Amino acid sequence: MNASAVILREMRAEARRPFTYWSRVLAGGILLFAATAVMQGDLGTGVGIFGALNTLLFLSIWIIVPLLTADCISRERREGTLGLLFLTPLRAPSIIMAKGLVHGLRGASYLLTALPAIIIPFLLGGVSPSDLGRAALLNFSAVVLALSAGLLASTFSIRWSRAVLTSALLSGSLAVALPAWHCWLLQSAVDRLEIQWMLLTGFGGKWSVGTPGALIAAAQVSMASVTFFILVVFLAFFSTPFL
Amino acid sequence: MAIEPPVIVPAVQTFKLTRTYGAMIALNALDLTVNKGDLFGFIGSNGAGKTTTLRILATFLTPSGGTAKVLGHDVVQDADAVRHVIGYMPDFFGVYKDMEVTEYLDFFGACYKIPSAQREKTVNDVLELVGLTEKRGALIGALSRGMQQRLGLARVLIHDPQLLLLDEPASGLDPRARIEMMAILQELQRLGKTIIISSHILSELQTLCNRVAIIEKGKLIYSGPVDGARTQVGAGHVYWVRVVDDSPRAIEILKAREEVLEANAVDGQIKLTLASQDTDPSFIADVIVKSGFKLTGLWEDELGLEEVFLRVTKGETQ
Ligand SMILES: Nc1ncnc2c1ncn2[C@@H]1O[C@H](COP(=O)(O)OP(=O)(O)OP(=O)(O)O)[C@@H](O)[C@H]1O
Ligand SMILES: [Mg+2]
């Protein structure tokens, strides 16, 4: 597999797109603004603020990442550049992997822009390192799943609108499935979505600190997400999208 | 011990190659042979099956029946080997508009696993060959159509394939760019490449190609040297005559001869169609002079490939 050529090309192309820069500035700005707004509100210190910001971040991952990824393959198919790649020794899994990696990195860079805002409540106290670890693992899972949704939608679409719509639907379903499953892992079967989300993100101070196995559940969720991503790559292999 | 004669593998050989789309037969048992070193013209009206054939040879499409071999490799069973030895330029292809010319070629070089130390030289060489050296740093989106077409040709050459499959590479180019493209193809043939080119610009294929195939409704009508195509459609029995004054009467006299099938005035000259290809045309001059006309010209009609094509295909499209 010589995916490195595609990775380099994709990174270069993304770097040249003005949208990449501005969307990052925008995301960082919104989160900082939210942070100040939240801190002026009546959420108490530490855990409350952390939960609110983390929820915002978690939510935005399901929206931003699929949006960024949805057109990465369909666009090449639409513009007739994908077929030329298949003339070379490149095969579908390498292409999907490469694109997944690059757009995963982009997703991760959004997480990084959020870091300063998230770190403030941590410094205010009340949030334990284990909470932070859990949040990181769960956000990572969200990125991987949202990425899979975008890639899957892109593999089976040609039109931009269809790719984006499918990825939004897929991403939405995963955003419901993940918290439900997470809750089930924590052995607290809650059937109301907002409570599931609260347990996942710590919104309203409903951090499940003290719940036994919370960190393990987060790790399990992460591993499952990565497995899901690998499955998506395999699925794409069988679709072998030609010209 | 007997010495076995060397087996000459043709560049392309198809056997009863067939492709259907539902009930529609796009290719109908095509038997085609292209020899190594040929600059092979592939001619047919819209929908004749040119693109379909080239896509099958490029492993982009699987045949519904029959076989096709490219330099000895089967296009279905041995697709990877085929892709390695061909350079395919589709009729429509996209380019990454946000890349620079050299980046683009370097990218494809990397996809073909050309070692990076060697890549720079390869990229420079192909740029030189297609005459894009001056545009090496330009963004592809800013190139003209003709330059993008040249870039497409450069891309096809990056892994030094033996066989080039070019689907209407000159379409959309202005006359100068077309002539330049043809010159590049001739240079490539000189470098030992086998080239199959499909095109509608027949007059250019005529001087460019050493062999042509004409297909119609997915069936092969002719394959062989350009001259052979002329003979097959009965060229070589049309002559042009020019006389001083009174050509209507000369036409009458010529028409009276039994060797003459048809005679009429075209642009102040007389176009003469003989009844048989074997007739010795020297009688024409005889008759004209003996009837008291001043003969100022007599020449054989150079039937262009275009006319050959029109006669062979009867203008049918599907
Ligand atoms: N994907 C397809 N589905 C159905 N029919 C098709 C498809 N592709 C080609 N055909 C049909 O197959 C026939 C041959 O098409 P092909 O593209 O090979 O013609 P062509 O000789 O390249 O024509 P042109 O000079 O217009 O490029 C046409 O009648 C076309 O309608
Ligand atoms: Mg065509």
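Reminder, nothing fancy here: chain letters follow the sequence lines and each chain counts from 1. Quantities reported herein were computed from a predicted structural model and do not represent experimental measurements.
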Quiz item: If you measure from CZ on B/R83 to CG on A/L90, what distance do you get to the nearest 0.5 Å?
Solution: 11.0 Å

Self-check item: Straight-line distance of B/M99 CE to A/T81 OG1, nearest 0.5 Å
Solution: 10.5 Å

With a 4.5 Å limit on heavy-atom distance, are the side chains of [X] and [Y] in contact?
X      : Y      : result
B/D106 : A/R9   : no
B/F107 : A/V6   : yes
A/L87  : B/R155 : yes
A/L85  : B/F108 : yes

Quiz item: Hey, is NZ on B/K193 packed in by over 12 heavy atoms from elsewhere, all under 6.0 Å?
Solution: yes

Quiz item: Has B/Q186 got more than 12 heavy atoms of other residues, nucleotides or ligands less than 6.0 Å from its CD?
Solution: yes

Exercise. Could you give me the CA-CA distance, side-chain angles and deciding distance for A/R16 and B/E103, then say whether salt bridge (Lys or Arg N to Asp or Glu O under 4.0 Å) is met?
Key: CA-CA 13 Å; A/R16 280 196 185 140; B/E103 284 172 359; 2.8 Å; yes

Quiz prompt | Contacts of type side chain to side chain donor-acceptor pair (under 3.5 Å), residue B/E120, not counting sequence neighbours | solution = none

What heavy-atom pair brings [X] and [Y] nearest, and what distance separates the two atoms?
X      : Y     : result
B/A110 : A/A5  : CB-CB, 3.6 Å
B/Y112 : A/P89 : CD2-CD, 3.7 Å
A/L84  : B/G94 : CD1-O, 3.6 Å

Self-check item: Worked verdict on B/D80 versus A/R91 for salt bridge (Lys or Arg N to Asp or Glu O under 4.0 Å)
Solution: CA-CA 11 Å; B/D80 282 340; A/R91 287 296 155 264; 3.4 Å; yes

Exercise. Using distance alone, with no hydrogens and no angle criterion, decide if B/Y96 and A/E76 have a side-chain donor and acceptor under 3.5 Å apart.
Key: yes

